[in-house]
Amino acid sequence: MERAIQRRQTLDAASPVVVASPSKPPAEDAQPSKTRYVVLCALAYAASGALQPTLVDWLRFHGGTGVTMLPMLANTLAVACVAPLRELVLAPRARTYADRAGFSWGAYLRSWRLDGPTRSRVGVVVALDFCANFLVMLGLFFVGAGVYAVLFSSGIGFAAVLSRCIGGKRYSLRQWTGVGLVTLGMGLNGAVAVAEAGQGEVGRLEVGGAAILLGTLLHSASLVAAEGAVASSKPAEAQDDDAPEATHPASEQPPPLTAFRLATYLGAVEASILVAHNAVLVAHHGVDRLYLKNIRRHDGDPQKVAATYAMLWAADLAHALAHYALLESAGAVSLTLSRGVQMLFVVALTEVAFCGADASQCLSPLKAVSVANVALGIALYASGARFGGKK
């Protein structure tokens, strides 16, 4: 009997030690998991980004584009769907709103209200992004896609400099070298497109080039501002474990601003502007003259054009999900570097699919140099982040 009592006391004394010790995964296990997540997001970003211009080109050749800016509208509608899709469908079960006790659609909609400072930050991001898209679109009316590719590649350097000067982030020499190599490689690839397409509208190059360059700068600034807005909205880690905070219903506590919610705010505002633009055009010209007449002029099929727009929206949605996942987990510079991965996808696809029919699409020595620069730059930046760089 005494032996049983002693055994029971021993077990009781040992049990608090077991309960008190937290079962947290080791930090070294979490880092490879985050790295895999970032790599998968970068690949999804690159693959969907390579598909988007292909679909837009098909629509252009079949009369599905024009002053209505429907490809841009499809993109903004996809961006507006990012947060609801992420929170209500794709999030883990324990973090999905629909699985929380006391969930109601009214509470979910009320959670989208922003306080004053957060509303101001979101407004700055929306204004920067809209101005950037407008300037880039304006520049494309004056210069070709090749000049655009050369100038837009500078966005990587802009993002790194702005992230350092405004965001206060530090980068190692290896990372700065990687940024420079990726920028150079993408610029060389764009220069090849300029040489193949010819000079064209040389007299309008200054206006178009200045618009694209300013738009690229504003786009990089919007990414840095978005990263800062998301970071400033995150609660302190110490508050996560405070028991008193859990006494309030989860539906009454607005979640912090995430990159996905920021995407939805941004997409909703820009989509509203484009919908109003189309409504004015429809009221003035009518549906047939505005949409269908141009499709028939290019011997297109309205049903195929509509189906292609559905595919474009899906590609835009996948691209937006990967875009803002990268922004939240890796930052603005890593996001812009993913455009280098996208360039590798595009070069590989054109080599495989179009080289036999068009010699200009084949891998030339200059293209090979640009690909090598981009690949080496991405590798240097990733290794710099692992060994001493601070993302």
S.K.: Looking at OG1 of T177 and CZ of R174, how far apart are the two atoms once the value is rounded to the nearest 0.5 Å?
M.R.: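 It comes to 9.0 Å.
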
S.K.: Between L184 and V374, is any pair of side-chain heavy atoms under 4.5 Å apart?
M.R.: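 Heavy-atom side-chain distance check fails, nothing below 4.5 Å.
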
S.K.: Return the set of residues passing side chain to side chain contact (heavy atoms under 4.5 Å, CB included) with H319 (not counting sequence neighbours), or none when no residue passes.
M.R.: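 H319 satisfies side chain to side chain contact (heavy atoms under 4.5 Å, CB included) with Y45, S48, Q52, Q342 only.
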
S.K.: Evaluate the side-chain proximity of V230 to L327: yes if any heavy-atom separation is below 4.5 Å, no if none is.
M.R.: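 No; the side chains remain at least 4.5 Å from each other.
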
S.K.: Verify side-chain contact (heavy atoms from CB on, under 4.5 Å) between C81 and R86, making sure each step is shown before the conclusion.
M.R.: CA-CA 9 Å; C81 295; R86 166 74 177 178; over 6 Å; no

S.K.: Under a 3.5 Å threshold, yes or no: a donor from one side chain and an acceptor from the other, between T118 and D115?
M.R.: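 Checked: T118/D115 side chains pair up, N/O donor to acceptor below 3.5 Å.
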
S.K.: Can you find a pair of side-chain heavy atoms, one from E227 and one from E328, that are under 4.5 Å apart?
M.R.: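 No. Closest side-chain heavy atoms not under 4.5 Å.
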
S.K.: Using the side-chain contact (heavy atoms from CB on, under 4.5 Å) rule, take W176 and R164 through it: C-alpha gap first, then chi angles, then the decisive distance, then the call.
M.R.: CA-CA 11 Å; W176 282 112; R164 176 68 184 93; 4.2 Å; yes

S.K.: With side-chain contact (heavy atoms from CB on, under 4.5 Å) as the test, would you mind laying out the steps for L217 and L162 before giving the verdict?
M.R.: CA-CA 9 Å; L217 175 61; L162 292 173; 4.1 Å; yes

S.K.: Identify, with sequence neighbours excluded, every residue that meets salt bridge (charged side-chain N to carboxylate O under 4.0 Å, His left out) alongside D288.
M.R.: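 D288: salt bridge (charged side-chain N to carboxylate O under 4.0 Å, His left out) contacts with R296.
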
S.K.: Show the nearest heavy-atom pair for residues N294 and R297, with the distance to one decimal.
M.R.: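 Of all heavy-atom pairs spanning N294 and R297, the closest is OD1-NH1, 2.9 Å.
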
S.K.: Would you say L77 ends up clustered with L281 if hydrophobic residues are merged whenever their side chains have heavy atoms under 4.5 Å apart, either directly or through other cluster members?
M.R.: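 In one cluster: yes.
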
S.K.: If only side-chain N and O atoms count, and only distance matters, is there a donor-acceptor pair under 3.5 Å linking Y171 with S163?
M.R.: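 A pair is found: one side chain offers a donor N or O, the other an acceptor, under 3.5 Å apart.
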
S.K.: At their closest point, which heavy atom of A83 faces which heavy atom of F260, and how far apart are they?
M.R.: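 In this case the closest contact between A83 and F260 is CB-O, 3.3 Å.
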
S.K.: Please report the shortest heavy-atom distance between A226 and L262, naming the atom on each side.
M.R.: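 So the two residues come closest at CB-CD2, 3.3 Å.
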
S.K.: Could you pull out all residues at least two apart from W313 that satisfy ring-ring contact (aromatic ring centres under 6.0 Å, His included)?
M.R.: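 Residues passing ring-ring contact (aromatic ring centres under 6.0 Å, His included) with W313: none at all.
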
S.K.: Could you measure the distance from the CZ atom of F61 to the CH2 atom of W58? Nearest 0.5 Å is fine.
M.R.: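 Taking CZ in F61 and CH2 in W58, the distance rounds to 11.5 Å.
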
S.K.: Roughly how far, to the nearest 0.5 Å, is the NZ atom of K304 from the CD1 atom of I295?
M.R.: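 That separation rounds to 12.5 Å.
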
S.K.: Going by heavy atoms in the side chains, are M72 and F134 under 4.5 Å from each other?
M.R.: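 No, side chains not in contact.
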
S.K.: In chain order, what residues pass the side chain to side chain contact (heavy atoms under 4.5 Å, CB included) check against A132, with sequence neighbours excluded?
M.R.: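 Counting only residues at least two positions away or on another chain, A132 forms a side chain to side chain contact (heavy atoms under 4.5 Å, CB included) with L218, H219.
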
S.K.: Would you confirm whether N278, through its side chain, and T68, through its main-chain N or O, come within 3.5 Å as a donor-acceptor pair?
M.R.: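 Such a contact is found between N278 side chain and T68 backbone.
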
S.K.: Roughly how far, to the nearest 0.5 Å, is the OG atom of S222 from the CG atom of L128?
M.R.: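 Interatomic distance, L128 CG to S222 OG, rounded to 0.5 Å: 6.0 Å.
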
S.K.: Taking atom CG of L114 and atom CZ of R261, what is their separation to the nearest 0.5 Å?
M.R.: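 The distance works out to 8.5 Å.
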
S.K.: So which atom in D316 and which in P71 form the shortest heavy-atom distance, rounded to 0.1 Å?
M.R.: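 Between these two residues, the closest heavy atoms are OD2-O, 4.3 Å.
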
S.K.: Within the structure provided, determine whether V79 and T264 are in side-chain contact (heavy-atom separation under 4.5 Å).
M.R.: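 In short, these two side chains do not touch, never coming nearer than 4.5 Å.
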
S.K.: Taking the side chain as every heavy atom from C-beta outward, state whether Y324 and T258 have any atom pair closer than 4.5 Å.
M.R.: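 Y324 vs T258: side chains apart.
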
S.K.: What about F130 and V275, same hydrophobic cluster or not, with Ile/Leu/Val/Met/Phe/Trp/Tyr joined at side-chain heavy-atom distances under 4.5 Å?
M.R.: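 Yes, same cluster.
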
S.K.: If every non-hydrogen atom of G185 is compared with every non-hydrogen atom of S370, which pair is closest and at what distance?
M.R.: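 For G185 and S370, the tightest heavy-atom pair comes out as O-CB, 3.1 Å.
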
S.K.: Counting N and O atoms only, with roles assigned by atom type, does the side chain of N373 sit under 3.5 Å from a partner on the main chain of V369, one being a donor and the other an acceptor?
M.R.: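 Judged by distance alone, yes, a pair lies under 3.5 Å.
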
S.K.: Please say whether more than 12 non-hydrogen atoms of neighbouring residues, nucleotides or ligands are located less than 6.0 Å from OH in Y309.
M.R.: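 Correct, the count exceeds 12.
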
S.K.: Has Q175 got a side-chain atom pairing as donor or acceptor with S172's backbone, closer than 3.5 angstrom?
M.R.: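 Such a contact is found between Q175 side chain and S172 backbone.
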
S.K.: Are the side chains of C165 and V161 in contact, using a 4.5 Å heavy-atom criterion?
M.R.: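 When only atoms from C-beta onward are counted, C165 and V161 do touch, with a gap below 4.5 Å.
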
S.K.: Verify side-chain contact (heavy atoms from CB on, under 4.5 Å) between L135 and I212, making sure each step is shown before the conclusion.
M.R.: CA-CA 6 Å; L135 286 171; I212 291 177; over 6 Å; no

S.K.: So which heavy atom on L70 is nearest to which on G64, and how close?
M.R.: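 For L70 versus G64, the nearest heavy atoms are CD1-O, 4.4 Å.
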
S.K.: Going by the rule side chain to side chain contact (heavy atoms under 4.5 Å, CB included), which residues pair with V282 if we only count those two or more places apart in sequence or in a different chain?
M.R.: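 Residues passing side chain to side chain contact (heavy atoms under 4.5 Å, CB included) with V282: V287, L290, Y291.
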
S.K.: Report the residues that fulfil side chain to side chain contact (heavy atoms under 4.5 Å, CB included) with A229, sequence neighbours left out, ordered by chain and then residue number.
M.R.: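 A229: side chain to side chain contact (heavy atoms under 4.5 Å, CB included) contacts with R121, L257.
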
S.K.: Keeping the roles fixed (side chain from Y37, backbone from L326), state whether a donor-acceptor pair exists under 3.5 Å.
M.R.: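 No, the answer is negative, given that no donor and acceptor are paired below the 3.5 Å cut-off.
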
S.K.: Flag yes if L40 and L85 sit in one hydrophobic cluster, no otherwise; membership is Ile, Leu, Val, Met, Phe, Trp, Tyr, and two members link when side-chain heavy atoms are under 4.5 Å apart.
M.R.: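 No, separate clusters.
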
S.K.: Any chain of hydrophobic side-chain contacts (each under 4.5 Å) joining L88 to V82?
M.R.: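 Both belong to a single hydrophobic cluster.
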
S.K.: Is the shortest side-chain heavy-atom distance between L55 and L51 below 4.5 Å?
M.R.: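 They are in contact (side-chain heavy atoms under 4.5 Å apart), so the answer is yes.
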
S.K.: Decide whether L173 and L376 are clustered together by the hydrophobic rule: side chain heavy atoms of Ile, Leu, Val, Met, Phe, Trp, Tyr closer than 4.5 Å, transitively.
M.R.: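 Per the 4.5 Å side-chain linkage, L173 and L376 are not co-clustered.
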
